Amino acid sequence: MSTIQKNKLSLTGNQAAAEAMRQIDPDVVAAYPITPQTEIVMAFSQFHADGKVNTEMIRVESEHSAMSACIGSASAGARTMTATSSQGLALMHEMVFIAASLRLPIVMPVVNRALSGPINIHCDHSDTMAERDSGWIQIFAENPQEVYDHMFLAMKLAEHPDVQLPVMVNQDGFITSHGVEIVDVLEDKAVKDFVGEYKPKTPLLDLKHPVTMGALDLYDYYFEHKRQQAEAVKRAFGLFDKVAGDVSKLTGRKYPMVETYQFDDADYVIVTMSSAAGTTKFVIDSLRAQGTKVGLLKIRLFRPFPYKIISGLLKGKKGVAVLDRSASFGAFSPVYTEIMNSCYYLDARPNIYPVVFGLGGRDLTPKLIESVYTGLIGNKFKTDQIEYLGVRE
Amino acid sequence: MAAKLKGWKEIPEAGTIVEPGNARNYKTGGWRSDRPVWNKETCIHCFFCWIWCPDMAVQVDQANKKMTGINLEYCKGCGVCAEVCPKKCFTMKNEKELTNE
Ligand code: SF4
Ligand code: SF4
């Protein structure tokens, strides 16, 4: 980690996540290394070994155990974090649902990587998308700076007394996780003051108020508890902008649920998430220089999904291409599906085209993005047919 | 017998049980298809049934050290008492037949 100037560090996305974890200094971290997340656990273990955190570090034998240990520690009332990728997240799957259902505010950086098979270590969003109905809040970062900032946003939102839900802080495997960028890092004390002390509602270790968590819940009450969970996610949605605003006060950067670039006068728009947004902005700049009215809509918050904001923005656009970095076989991809859900009741509904790209780390080149804009402008896509961008015929 | 079920706004979040010992409020008697019918005359008050009953449905008079009967609000008819009683004091009778009788 080399210092360029005070508070500006050159960090990979992974190091940015680990740095944020060091500053948050959680009570417990239980994690298992997996490519491309490994560096987060490695860097944090080093902080731990060097005595830079007060965290209890639990080295587990699998991701299923990692999330189980996190559930135990969060239930006890401890501020808890972990990190994972791909197969690791898949192995956690059953515990991921339990963490959300038990309303445990665990924060987990997820370094997005394709799910097997065939086995692959590079980026796509199939891992996190397989958890989209788990009840976790899902935030997506474009670059290491956003990874870093999202961590505090996530911690604060997760632990808000009206929320009490776990959050995944997603970043693109290798592209973001191993790409070095300059990250503006806050003072330790500023972070410490911002996250404050965590006050769990019903901790198991509060011996004066004994509770039971995770008891059997059958057809007479399970449904009511699920209804409460839906409401908690709704409250998280309502609080997101407030918490993001508080982070903004600290960093001077903004974190809207949905970000736009060269958007207002754009006729043709790409909707996407994560690092793809960065490349798209670069392409927009060159196309705009040639007088083409193209723009970008980047989704930061995927769960809960900001339907109304998006429909308001896409209203009246001529053509919209939704670039998904995951596939749903026999169906449309997750982001496209939500964009369609957002726009169904619009009077001036744009043509919306499903595009799948980047599976297994296939590079999304500026040329490919340009081909999407020219395809939109030339009316070359079909609304009911998935375009597989960059696949060889 | 069934308690009035509460709405989602009235209950603790996540199914967490915040009040110790509230299993008492959960009447399991409605689950029963067979009822243990106790023969008082043969009972030797050994308390085997009391210690084995998984629902604490066997009632005892602690002062006089006597078994006094079964609380049918909680007895779910598992038949464990009938199985463990050394004097075969319990006959498991079908609830439907008992209603018909
Ligand atoms: S086990 Fe049988 S004998 Fe013993 S207390 Fe119960 S009913 Fe009476
Ligand atoms: S039948 Fe089962 S629940 Fe009922 S009193 Fe006997 S042991 Fe208890």
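If you're wondering where the values come from, they're calculated on a predicted model, not measured in any experiment. Reminder, nothing fancy here: chain letters follow the sequence lines and each chain counts from 1.
- Atom CZ of B:F47 has more than 12 neighbouring heavy atoms from other residues, nucleotides or ligands inside a 6.0 Å radius.
- The CG atom of B:L5 sits 13.5 Å away from atom CZ of A:F223, with the distance rounded to the nearest 0.5 Å.
- With a 6.0 Å radius and a threshold of 12 heavy atoms from other residues, nucleotides or ligands, A:E197 has its CD atom at or below the threshold.
- Here the straight-line distance linking atom CG of A:D162 with atom CD of B:E13 works out to 9.0 Å at 0.5 Å rounding.
- Using a 4.5 Å cut-off between heavy atoms, A:E231 contacts chain B through its side chain alone, with no backbone atom that close.
- Surrounding CD of B:E83 are at most 12 heavy atoms belonging to other residues, nucleotides or ligands under 6.0 Å away.
- Residue B:W8 holds its CH2 atom at 10.5 Å from CD of A:E224, rounded to the nearest 0.5 Å.
- Heavy atoms of B:K9 lying under 4.5 Å from chain A are absent altogether.
- Summarising the local packing, CG of A:L218 is surrounded by more than 12 heavy atoms from other residues, nucleotides or ligands at distances under 6.0 Å.
- In B:F48, the CZ atom is not crowded: 12 or fewer heavy atoms of neighbouring residues, nucleotides or ligands sit closer than 6.0 Å.
- Chain B forms the most heavy-atom pairs under 4.5 Å with one residue out of A:V211, A:L104, A:L102, and that residue is A:V211.
- Distance check, rounded to the nearest 0.5 Å: OH of B:Y26 to CG of A:D220 gives 4.0 Å.
- Chain B forms more heavy-atom pairs under 4.5 Å with one residue of A:R103, A:M213, A:Q229 than with any other, namely A:R103.
- Looking at A:Q228, both its backbone and its side chain come within 4.5 Å of chain B, counting heavy atoms on both sides.
- Of all heavy-atom pairs spanning A:H225 and B:I11, the tightest one is NE2-CD1, 3.5 Å.
- Minimum interatomic distance between B:A14 and A:S101 (heavy atoms only, all atoms of both residues): CB-O, 3.4 Å.
- No donor-acceptor pair closer than 3.5 Å links the side chain of A:Y221 to the backbone N or O of B:G7.
- Using a 4.5 Å heavy-atom cutoff, the side chains of A:T202 and B:V18 are in contact.
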